[in-house]
Each structure stands twice: as structure tokens, then as C-alpha cells.
Amino acid sequence: MKILIVGGGMGGTILANNLARRLNGELKSGGARITMLSASDKHMYQPGLLYLAVGRMTPDELYRDQAGLLEPGIEFHVDPAEEFQLDHNRVKTKSGKLYDYDTLVIATGSRMYPEGIPGLAEHAETFYTEASALKMFKRLQEFQGGRVVIAVGVPHKCPMAPLEITFMLHDYFKDRGLGDKVQLHYTYPINRIHSLENVAKWAAPEFDRLGIAYETFFNIKEVDGKNQILRSEEGAEIKYDLLIAIPAHKGMEVIEKNGLGQNGWIPTDRQKLNMEGRKNVFVLGDTTNIPISKAGSTAHFEADTLGENIAAMVKMGTPVRDYDGKVFCFIEAGKDRATYAMFNYQNPPDPKAPTKAVHWFKMAYNKLYWVSARGLL
Ligand SMILES: Cc1cc2nc3c(=O)[nH]c(=O)nc-3n(C[C@H](O)[C@H](O)[C@H](O)COP(=O)(O)OP(=O)(O)OC[C@H]3O[C@@H](n4cnc5c(N)ncnc54)[C@H](O)[C@@H]3O)c2cc1C
């Protein structure tokens with residue numbers, strides 16, 4: 001069986017390594033072949049961007065060579081997919097090559113889309129790319145006081161990042177001795193401060209305790225950079241001195257251009273993870289349209305399911321299990337404390353009081369990620 005994986009991020013890498021181990025014999029005998037196409041020869045640990053934006057990590061800590069993360073036997077090409085010719089079971093790449101497959105996995109991820117809101121790209125700081133996180137850190141260092149607005153759009157990857165950056169900014173300004181000169185003001189589009197109800201119930205009293213103001217039902221409409229005003233669709237206005245945004249996301253342009261899914265989100269079966277209407281095309285990670293968190297852990301647990309199912313299809317002719325919606329997210333809660341949220345389709349999260357132990361576990365995971373990407377954790 002020819003297995004083609006498009007995307008060498010968290011989901012694609014964990015899946016490729018998982019399959020290479022399960023299909024070790026078939027790879028040697030020629031009964032299976034695994035090919036990965038990606039847009040970069042580097043692999044970025046995206047959760048590190050959160051720490052980069054507040055000066056707690058350096059850029060070199062975020063990257064490894066992609067080829068070095070892959071098990072022997074996986075063919076790897078830096079050659080982005082451009083045309084998905086699904087009716088012909090093949091993908092055309094930027095270099096003009098055609099890659100044919102029996103089974104295709106699409107794991108191209110997602111991207112912030114500040115351009116969708118007038119004024120947002122020009123006037124807000126963001127931290128979802130290396131360049132923007134470094135720019136944000138520079139602005140933070142220059143900032144001497146005033147109102148810092150943290151404005152959230154949905155959907156976005158990493159459900160906990162807006163809360164985490166708010167707690168981390170609280171620490172950052174306090175450590176600089178600016179605690180009483182800075183007012184943090186958080187906005188969220190629905191009627192609570194997080195999409196997961198129990199996370200919102202846990203976070204609101206934490207914000208209250210730290211004096212962090214928040215405004216709900218605030219869907220970002222536009223940024224008036226000249227007058228430093230953020231406006232919402234609901235008619236509210238907030239004056240800011242520094243605006244930090246987690247803009248709403250889209251899937252990758254190549255997905256939209258190929259008509260695979262609106263805004264780059266591919267219609268995906270929530271249990272089997274195949275693209276709707278296509279039995280031999282699977283979707284992994286951020287680019288699915290499944291209404292669960294767009295997180296590395298989601299991509300990881302989905303990759304575990306797909307690894308088992310695709311290997312079973314090679315060995316037994318049929319998939320053997322369903323994805324149950326499992327997600328696990330750490331939540332950095334400030335002052336070297338953290339908690340976590342674990343949930344699936346059936347069971348909602350129930351975050352507990354943050355502890356130092358969970359924070360240090362998260363710090364260890366930031367290093368252990370490279371073991372996890374190899375599929376060993
Ligand atoms: C600031 C921040 C903090 C985060 N914190 C956490 C956290 O604490 N916990 C957590 O679980 N998650 C976290 N995440 C989210 C997590 O990083 C993503 O959800 C995860 O990386 C998604 O995996 P993926 O495989 O779907 O996409 P990605 O990891 O983004 O990989 C996509 C891959 O596709 C490739 N690609 C793109 N276009 C093409 C193309 N045309 N052809 C071939 N390849 C292509 C890219 O080069 C990349 O290798 C965070 C993200 C950010 C930005």
C-alpha cells in the first residue's frame with residue numbers, strides 16, 4: 001500500500017513514525033511505502049511561541065530538522081502539495097511532480113488570519129509565528145504602562161493560549177515592577193471567557209482575583225489604529241494602549257484553492273477521520289472541520305487512531321477503532337503554576353486548582369516534545 005502524508009507538523013510526523021514502526025516488515029518487503037511531503041525542512045514546536053513572546057524561550061529552542069525526526073524507511077520531500085487530484089489518487093506538488101497513493105492523509109495545519117479584520121494585522125501584536133512573537137516581545141519591553149487589551153477571535157489553534165498569555169502577561173508586567181501601571185483587559189466572542197464551559201468557570205475567578213478585566217460577547221469588528229480603539233460587532237468599543245490579538249484562524253490556502261473545504265477546514269468523519277465522501281483520504285489535526293480543540297494533543301491522539309487503523313488496513317484489510325475525541329491541554333496559570341484540561345466527545349474537562357507540579361511537568365514536556373514527535377511518548 002502506498003501511503004502519502006501531506007504535512008510534516010505534529011500530526012503528520014507522529015503518524016508517519018507510528019506507521020513506520022507498525023509496518024516495519026512491510027516497508028522492508030515492499031508491501032508498504034510511506035512518503036511525506038512538507039512545506040519546510042524544519043519542524044517547529046509551536047507551543048514554544050507563547051514563551052518566546054514574553055522572553056522565556058529563544059527561537060533556537062523551537063526547531064529541529066524534520067528529516068532527523070523521522071524513522072528510517074519514511075521517504076521525505078520538501079515539496080509542498082499544490083493540487084489534490086483525488087479522483088485520480090494523486091497529488092501534484094510545487095516542483096511539478098505527481099505523487100500517487102492508495103491512502104492519502106492530509107495534515108497541513110492552520111494559520112491565523114488577521115487580514116480578515118480591518119486594521120488588525122497592522123495594529124495588533126500577535127504571537128502565532130516566530131516573527132510576530134519576537135515583534136511582540138520587543139513591544140512589551142518598550143511598554144511603560146496603560147491598558148493592554150487581549151482580543152480573541154474564533155476558531156483558533158491552541159484553545160488555552162489566550163488564557164495562558166493573559167496570565168503570563170500579568171506575571172511579566174509584575175516582574176518588571178509595572179503591576180499597578182498596567183491594566184489587562186480580555187475580550188471573548190461568546191457569553192463566557194472560554195469556549196469550554198468548565199474552563200471558563202475555572203478561569204473567571206482566577207481573572208477576578210488578579211484584577212484582570214474581561215468583556216464577553218465581543219466579536220472583533222475593526223481596529224481604529226489612529227485612535228487606538230477596538231470595536232466589536234456588538235457595538236462595544238475599548239480604548240487600548242497595546243493591543244494583543246489571537247486572530248480567528250483558517251486552514252491552509254491550498255485546501256481552500258482545491259475546494260476541499262470552506263475556509264480550509266476539510267469535512268471529516270469525527271470517528272473514522274476520513275474525508276467525507278472519500279474512503280481512502282484521511283484528515284488529521286487542525287485542518288479537520290471537527291468541532292473540537294485545534295491542539296497538538298488532538299493531532300497526536302488522532303494520529304494514534306489513524307496509525308492503528310491504516311496499519312490494520314494493510315495487515316487485515318479493515319480499520320479497527322474509532323477516535324473518541326480525546327484532547328489533553330496544559331493551562332499555564334501564572335506564577336509558575338499550571339493546571340490541565342482532559343476531555344473527549346463524551347466527557348467535558350474539569351480543570352483543578354493550578355499547582356507548581358503541573359507547571360514543571362509542562363516545562364519538562366516542552367523538552368520531551370521531541371520524543372513525542374518521534375511517537376515514543
Ligand atoms: C502559540 C501556540 C501555542 C500552542 N500551544 C499548544 C499547547 O500547549 N498544547 C497543544 O496541544 N497544542 C498547542 N498548540 C497548537 C499546536 O501547535 C497545533 O494544534 C498543532 O501543531 C497542529 O498539528 P497539525 O499537524 O495539524 O499542523 P502543524 O503542526 O501546523 O503542521 C502542518 C504542516 O503542514 C505543512 N504544510 C503546510 N502546507 C503544506 C503543503 N501545501 N504541502 C505540504 N505540507 C504543507 C507545514 O510545513 C507543517 O509541517 C499551540 C500553537 C500555538 C501557535
Side-chain angles (χ1 to χ4, degrees), residues 4-16 35-54 57 62-64 66 69-70 76-84 91-95 99 104-112 126-130 132-133 136 155-165 168 244 246-247 249 251-258 260 264-266 268 273 283-288 290 292-303 306 326-332 338 340-342 362-363 365-366 369 372-373:
L4 180 62
I5 300 173
V6 178
M10 283 200 183
T13 303
I14 293 169
L15 173 65
T35 306
M36 172 181 280
L37 302 175
S38 198
S40 168
D41 63 346
K42 295 276 181 291
H43 187 114
M44 182 200 260
Y45 177 58
Q46 297 177 41
L49 292 167
L50 193 67
Y51 302 85
L52 191 64
V54 292
M57 259 196 189
L62 304 182
Y63 295 100
R64 293 284 187 280
Q66 176 63 15
L69 293 175
L70 297 175
F76 174 60
H77 304 281
V78 181
D79 194 5
E82 285 200 346
E83 279 176 35
F84 289 86
V91 170
K92 191 172 178 191
T93 58
K94 194 173 174 194
S95 72
Y99 289 84
L104 172 68
V105 181
I106 306 177
T108 43
S110 64
R111 65 200 158 113
M112 61 172 175
T126 59
F127 55 94
Y128 271 56
T129 61
E130 182 190 333
S132 63
M136 172 168 151
H156 61 80
K157 62 182 149 188
C158 191
M160 306 309 170
L163 297 175
E164 293 183 292
I165 197 71
M168 286 162 104
I244 292 171
I246 291 92
H249 278 44
M252 301 313 275
E253 242 176 319
V254 68
I255 303 297
E256 274 189 285
K257 271 192 190 153
N258 278 268
L260 301 189
W265 311 126
I266 305 176
T268 306
L273 301 175
V283 194
L284 180 55
D286 288 357
T287 198
T288 76
I290 304 175
I292 49 169
S293 301
K294 297 195 181 297
S297 72
T298 311
H300 189 149
F301 294 125
E302 288 173 347
L306 275 187
K326 187 172 174 190
V327 181
F328 177 99
C329 288
F330 286 104
I331 314 174
E332 288 279 21
Y340 63 88
M342 189 159 72
K362 167 78 200 235
M363 296 311 279
Y365 184 79
N366 288 341
Y369 169 70
S372 173

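Remember, it's 1-based here, ligands and their atoms both numbered in the order they're listed. Just so it is clear, the values below take in all heavy atoms, side chains as well, and ignore hydrogens, waters and symmetry mates.
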For this session: Answer yes or no: is there a donor N or O on one side and an acceptor on the other, between the side chain of Thr287 and the main chain of Gly264, under 3.5 Å?
Result: yes
For this session: Within a distance under 4.0 Å of any heavy atom of Val254, pick out the atoms of ligand 1 and give their elements.
Result: 41 (N)
Exercise. Going by the order shown, which atoms of ligand 1 are within less than 4.0 Å of some heavy atom of Gly285?
Worked result: 26 (O)
For this session: Any atoms of ligand 1 less than 4.0 Å from a non-hydrogen atom of Pro80? List them with their elements.
Result: 40 (C), 41 (N), 42 (N), 43 (C)
Seminar exercise, completed: One finds that the ligand 1 atoms under 4.0 Å from a non-hydrogen atom of Val6 are 42 (N), 43 (C)
Seminar exercise, completed: Among Met160, His300, Gln46, closest by heavy atom to atom 1 (C) of ligand 1 is Gln46
For this session: Please write down residue, atom name and distance for the protein heavy atom closest to atom 36 (N) of ligand 1.
Result: Ala39 CB, 3.8 Å
Exercise. Could Lys326 and Phe301 be counted as a cation-pi pair, given that NZ or CZ must be under 6.0 Å from the ring centre and within 45° of the axis?
Worked result: yes
Exercise. Hey, does Cys329 sit under 4.0 Å from ligand 1 if you only count heavy atoms?
Worked result: no
Exercise. Do the ring planes of His156 and Tyr128 sit parallel (below 30°), tilted (30 to 60°) or perpendicular (above 60°)?
Worked result: perpendicular
Problem set entry | Residue part near ligand 1, for Ala161, under 4.0 Å between non-hydrogen atoms | neither
Seminar exercise, completed: Heavy-atom proximity to atom 16 (C) of ligand 1, picking from Ala81, Gly296, Gly109, points to Gly296
Exercise. Should you measure from each heavy atom of Gly8, which atoms of ligand 1 turn up under 4.0 Å away?
Worked result: 33 (C), 34 (O), 49 (O)
Exercise. Would Leu37 count as a contact of ligand 1 if the rule is a heavy atom under 4.0 Å away?
Worked result: yes
For this session: List the closest protein heavy-atom neighbour of atom 22 (C) of ligand 1: residue, atom name, distance to the nearest 0.1 Å.
Result: Asp286 OD1, 3.3 Å
For this session: Please tell me if the side chains of Phe127 and Leu50 come closer than 4.5 Å, counting only heavy atoms from C-beta onward.
Result: yes
Exercise. Which atoms from ligand 1 have a heavy atom of Ala107 less than 4.0 Å away?
Worked result: 32 (C), 33 (C), 34 (O)
Problem set entry | Side chains of Ser40 and Gln66, donor plus acceptor under 3.5 Å | no
Exercise. If you round to the nearest 0.5 Å, how far is CG of Leu37 from CD1 of Ile106?
Worked result: 11.5 Å
Seminar exercise, completed: Per-atom filter on ligand 1: closer than 4.0 angstrom to a heavy atom of Lys294 are 19 (O)
Problem set entry | Contact check: Glu164 vs ligand 1, nitrogen or oxygen atoms, below 3.5 angstrom | no
Seminar exercise, completed: So NE2 of His43 and CG of Leu62: to nearest 0.5 Å the spacing works out to 11.0 Å
Exercise. Quick check: are there more than 12 heavy atoms from other residues, nucleotides or ligands sitting under 6.0 Å from NZ of Lys362?
Worked result: yes
For this session: Look at atom OH of Tyr340 and say whether more than 12 heavy atoms of other residues, nucleotides or ligands are closer to it than 6.0 Å.
Result: no
Exercise. If only atom types and distance count, is the side chain of Glu332 paired as donor or acceptor with the main-chain N or O of Glu164 below 3.5 Å?
Worked result: no
For this session: Using distance alone, decide if ligand 1 has a nitrogen or oxygen within less than 3.5 Å of any nitrogen or oxygen in Lys157.
Result: no
Exercise. Touching ligand 1 at all, Tyr128? Heavy atoms, strictly under 4.0 Å?
Worked result: yes
For this session: Return the residue, atom name and 0.1 Å-rounded distance of the protein heavy atom closest to atom 9 (N) of ligand 1.
Result: Pro47 CG, 4.4 Å
For this session: State the CD1-CG distance between Ile246 and Leu163, to the nearest 0.5 angstrom.
Result: 9.0 Å
Exercise. Does a side-chain heavy-atom distance below 4.5 Å link Ser297 with Phe330?
Worked result: no
Problem set entry | Closest protein heavy atom to atom 46 (C) of ligand 1, given as residue, atom name and distance to 0.1 Å | Ser38 OG, 4.0 Å
For this session: Could you tell me the residue and atom name of the protein heavy atom closest to atom 31 (O) of ligand 1, and the distance to it rounded to 0.1 Å?
Result: Gly9 CA, 3.1 Å
For this session: Would you mind telling me which of Arg111, Lys294, Lys157 makes a side-chain contact (heavy atoms from CB on, under 4.5 Å) with His249?
Result: Lys157
Exercise. Side chains of Ile292 and Glu302: closer than 4.5 Å at any heavy-atom pair?
Worked result: yes
Exercise. Within a strict 4.5 Å, meaning less than it, do heavy atoms of the Glu83 and Asn258 side chains meet?
Worked result: yes
Exercise. Of the protein's non-hydrogen atoms, which lies at the shortest distance from atom 5 (N) of ligand 1, and what is that distance?
Worked result: Cys158 SG, 3.1 Å
Exercise. So which protein heavy atom does atom 25 (O) of ligand 1 come closest to, and at what separation?
Worked result: Gly11 N, 2.8 Å
For this session: Looking only at distances, please establish whether an N/O atom of ligand 1 is found under 3.5 Å from an N/O atom of Met10.
Result: yes
Exercise. Among protein heavy atoms, which lies nearest atom 37 (C) of ligand 1, and at what distance?
Worked result: Thr108 O, 3.6 Å
Exercise. Taking both backbone and side-chain atoms of Lys362, is any N or O found less than 3.5 Å from an N or O belonging to ligand 1?
Worked result: yes
